[in-house]
Amino acid sequence: MPELPEVEVVRRGLERWVTGRTFDSVEVTHPRATRRHVAGAMDFASRLRGRTVAGVHRRGKYLWLSLEPGTDEALLAHLGMSGQLLVQPATAPDEVHLRVRLRFADSVDSVDSVDSAANGTELRFVDQRTFGGLSLVGTDEQGLPLPVAHIARDPLDDQFEDAAFTAALRRRRTGLKRALLDQSLVSGIGNIYADEALWRARLHYARPTDAMTRAQGAEVIAAARAVMVEALARGGTSFDSLYVDVNGASGYFERELAVYGRAGRPCLRCGALVVREPFMNRSSFRCPRCQPRPRRPHA
DNA sequence: CGGAGCTCCTGGGGGC
DNA sequence: TGCCCCCAGGAGCTCC
């Protein structure tokens, strides 16, 4: 599933392939893909036509294309669990789970585009599980899409402040993993990287946040950042074949995961067997020796 | 309003 | 072989 590093890989691919190009006809082939666009799929498609991509941006797992003319709207995307944004030749066969096709003026008229390699391609949103979607939304004075306004900065953001994060974390009355997954506290962390960060910091998911030390807070956010930086260097995680980057190439970071999905196999640090436990209707993986259950665990 | 639980969805895989 | 159930989980929503 795409988390921050994977989304960043997609952002870079989009920046390379769609910046400066103008949308022509847009076809929504599954209504659920634009469910967040309140005015409906028809409105989404008609308002996008003629707009030019000015830039590609990301916060946490949200991606958006800033549009010209004007600076008051953006094309917002979330990949959900299985979403892909593919730049494909217009002649390529439709993917089984194609949800939205976005044609460009250059792929219709064959006029010269900024990048001739992009000529004849279209942008496709493909999503098996349909948790992801696209919408055309308003932006605030900073150009931030309104639905993203409540999302915290992510650990790779220049303006992310570790000390402020740690302070906010210690004010919460919840369990550490719940806090890491709360996108209003820190964004971009999903179930996989949360487990990896907790393993690196040697902390249990149920550790009460209000009892954590500043050093532990700093350690866990540094661990999350380190995992993401390493994943990004490898082109993003993709053990789930559903996730493919913007040009269709899979990443292979899954082999680097230390605990996630490794139940019953030895901890890479101490050799104790990794355990899988139900948590928030999903799974948590941890080393029972490196990450012992706290005396006063929080759910 | 902070915190927690529910819900949306599809296809692969295991059990019988 | 076929059917049924479980599992994967991001984040908006609702409820307390």
Side-chain angles (χ1 to χ4, degrees), chain A residues 1-8 10 28-38 58-64 76-85 94-100 125-135 137 145-154 165 167-198 205-212 224 228 236-244 254 257 259-264 276-285 296-299:
Chain A
M1 314 79 216
E3 295 187 26
L4 185 153
E6 292 80 6
V7 179
E8 175 59 17
V10 174
V28 177
T29 55
H30 194 301
R32 196 173 143 77
T34 53
R35 69 192 180 285
R36 298 281 170 208
H37 187 85
V38 281
R58 181 189 58 72
R59 175 173 288 194
K61 294 173 247 185
Y62 277 95
L63 265 178
W64 65 95
L76 183 64
H78 198 293
L79 302 179
M81 289 185 59
S82 54
Q84 302 166 236
L85 280 164
D94 288 2
E95 291 75 11
V96 174
H97 304 294
L98 176 68
R99 308 304 190 196
V100 184
F125 179 68
V126 177
D127 189 12
Q128 182 211 108
R129 294 177 204 171
T130 70
F131 272 43
L134 306 181
S135 55
V137 301
L146 299 179
V148 181
H150 71 288
I151 301 293
R153 291 184 186 275
D154 60 66
F165 164 79
L169 180 70
R170 282 154 44 89
R171 282 195 295 270
R172 294 293 179 100
R173 299 182 64 83
T174 188
L176 178 54
K177 184 169 174 180
R178 283 180 188 278
L180 291 177
L181 295 175
D182 183 343
Q183 306 296 300
S184 67
L185 190 60
V186 52
S187 67
I189 303 177
N191 200 43
I192 300 166
Y193 291 125
D195 279 4
E196 293 297 306
L198 291 168
Y205 58 81
R207 178 166 287 270
T209 51
D210 56 347
M212 287 180 64
M228 289 178 174
T237 301
S238 177
F239 53 84
D240 184 339
S241 63
L242 291 170
Y243 170 74
V244 187
E254 72 274 17
L257 295 177
V259 278
Y260 186 88
R262 298 192 68 249
R276 171 190 176 277
E277 292 161 326
F279 178 81
M280 291 175 72
N281 286 328
R282 31 191 68 84
S283 294
S284 270
F285 296 88
R296 186 176 67 84
H298 194 293

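The chains referred to below are lettered A, B, ... by the order of the sequence lines, with proteins before strands, and numbering in each begins at 1.
Both A/Phe131 and A/Arg172 sit near DNA chain B, but only A/Arg172 has its closest nucleotide nearer the 5' end. If A/Arg171 and A/Asn281 are placed on DNA chain B by their nearest nucleotide, the residue sitting closer to the 5' end is A/Arg171.
Salt-bridge annotation for A/Asp154 and A/Lys61: absent, with no side-chain N of the basic residue lying under 4.0 Å from a carboxylate O of the acidic one.
A heavy-atom distance below 4.0 Å to DNA chain B is reached by these residues of residues 173-189 of chain A, ordered by number: A/Arg173, A/Thr174, A/Arg178.
A/Arg172 is linked by a salt bridge (Lys or Arg N to Asp or Glu O under 4.0 Å) to A/Asp182, counting only residues two or more places apart in sequence or in another chain. Every residue was checked against the side chain to side chain donor-acceptor pair (under 3.5 Å) condition with A/Arg99, not counting sequence neighbours, and none meets it. Scanning for side chain to side chain donor-acceptor pair (under 3.5 Å) contacts around A/Arg282 gives an empty result, with sequence neighbours left out.
Comparing the axis of the opening five pairs of the helix from B/dG2-C/dC16 to B/dC16-C/dG2 with that of the closing five pairs yields an angle of 50°, rounded to 10°.
Here the C1' atom of nucleotide C/dA8 and the CD atom of A/Glu3 are 12 Å apart, to the nearest Å. Going from atom CZ of A/Arg276 over to atom C1' of C/dC6 covers 10 Å, rounded to whole Å. Nucleotide C/dG10 holds its P atom 15 Å from the CG atom of A/Asp154, rounded to whole Å.
Judged purely by atom type and a 3.5 angstrom limit, A/Thr174 has no side-chain atom pairing as donor or acceptor with the backbone of A/Ala179. Distance alone, capped at 3.5 Å, places no donor-acceptor pair between the A/Asp127 side chain and the A/Gly133 backbone. No donor-acceptor distance shorter than 3.5 angstrom exists from the side chain of A/Ser283 to the backbone of A/Arg276, with no hydrogens or angles considered.
Contacts of A/Phe279 with the nucleic acid, taken as non-hydrogen atoms under 4.0 Å apart, are absent.
Taking 4.0 Å as the cutoff to heavy atoms of chain A, we find the contact window on DNA chain B bounded by B/dG3 to B/dG11.
Atoms CZ and CG, on A/Phe131 and A/Leu79 in that order, are 14.0 Å from each other to the nearest 0.5 Å. Considering CG of A/Asp210 and CZ of A/Arg171, their distance stands at 12.5 Å, rounded to 0.5 Å. Considering CE of A/Met212 and CG of A/Leu169, their distance stands at 5.0 Å, rounded to 0.5 Å.
Distances shorter than 4.0 Å separate none of the side-chain N or O atoms of A/Ser82 from OP1 or OP2 on C/dA8.
Residues A/Tyr62 and A/Gln183 bring no donor and acceptor atom of their side chains to less than 3.5 Å of each other.
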